[in-house]
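Since the structure comes first, as structure tokens, the remarks are kept for the end.
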Amino acid sequence: MRTKDVRVGQTYRCEVPFALPYRRYRPETMGDSWWVLSWLRGTYFPLSVTDVDTEARTAQGVRMASTSHVTVELTEDQVEEHEMGLAR
């Protein structure tokens, strides 16, 4: 897909191949984005586009990810009620 066809507000299925051409995806030119891209090799995910730069031929967006990790903050009363003890 070409950046001229990408629309802000739409969600697209992005696929990151296992093998990324080094000439195009070098760590020194991509900065911090390179680490994230290297972790995503061989995966696909939905991306909701928030901005498109047709000159740089890039799109920015929000990556949707499902996870089984949940964080719940408890009050001190709840901790005492369930005999959990606070780690301090």
Side-chain angles (χ1 to χ4, degrees):
M1 176 173 265
R2 306 278 184 208
T3 51
K4 67 179 183 172
D5 301 323
V6 176
R7 300 288 178 250
V8 172
Q10 296 295 314
T11 300
Y12 299 91
R13 180 180 188 261
C14 297
E15 186 170 354
V16 181
F18 280 105
L20 298 171
Y22 187 76
R23 244 192 266 176
R24 186 170 180 187
Y25 301 102
R26 291 191 316 270
E28 59 271 9
T29 59
M30 293 190 65
D32 293 339
S33 299
W34 185 83
W35 286 105
V36 176
L37 191 59
S38 68
W39 295 330
L40 293 172
R41 289 186 314 185
T43 65
Y44 62 91
F45 54 89
L47 179 80
S48 294
V49 177
T50 58
D51 188 30
V52 177
D53 184 347
T54 52
E55 265 187 46
R57 296 185 301 170
T58 60
Q60 293 184 13
V62 177
R63 178 173 58 104
M64 307 297 175
S66 59
T67 178
S68 60
H69 302 285
V70 177
T71 302
V72 179
E73 292 187 26
L74 302 175
T75 66
E76 286 187 32
D77 293 339
Q78 290 170 321
V79 171
E80 288 173 14
E81 181 181 331
H82 297 287
E83 299 176 5
M84 294 177 174
L86 289 173
R88 292 184 187 200

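A quick note: this is a predicted structure, and the numbers were derived from the prediction, not measured. Heavy-atom basis, side chains included; hydrogens, waters and symmetry copies ignored.
In this structure, D5 CG and Y12 OH are separated by 8.0 Å, a value rounded to the nearest 0.5 Å. A distance of 13.0 Å separates CG in L47 from CZ in R13, rounded to the nearest 0.5 Å.
By the neighbour-count criterion of 12 heavy atoms within 6.0 Å, atom CG of D53 is densely surrounded, having more than that number from other residues, nucleotides or ligands. The neighbour count for E55 CD, taken as heavy atoms of other residues, nucleotides or ligands under 6.0 Å away, does not exceed 12.
For the pair V49 and Q10, the minimum side-chain heavy-atom distance is 4.5 Å or more.
Here the closest heavy-atom approach between residue R63 and residue L40 is recorded as NH1-CD2, 3.7 Å. The minimum heavy-atom distance linking Q78 with E73 is given by the pair OE1-O, 4.3 Å. Here the shortest heavy-atom pairing between T50 and V8 reads O-CG1, 3.7 Å.
When hydrophobic clusters are built by joining Ile, Leu, Val, Met, Phe, Trp and Tyr residues whose side-chain heavy atoms come closer than 4.5 Å, directly or via intermediates, V16 is not grouped with Y44. Note on F18 and L37: separate hydrophobic clusters, where clusters join Ile, Leu, Val, Met, Phe, Trp and Tyr whose side-chain heavy atoms are under 4.5 Å apart, directly or indirectly.
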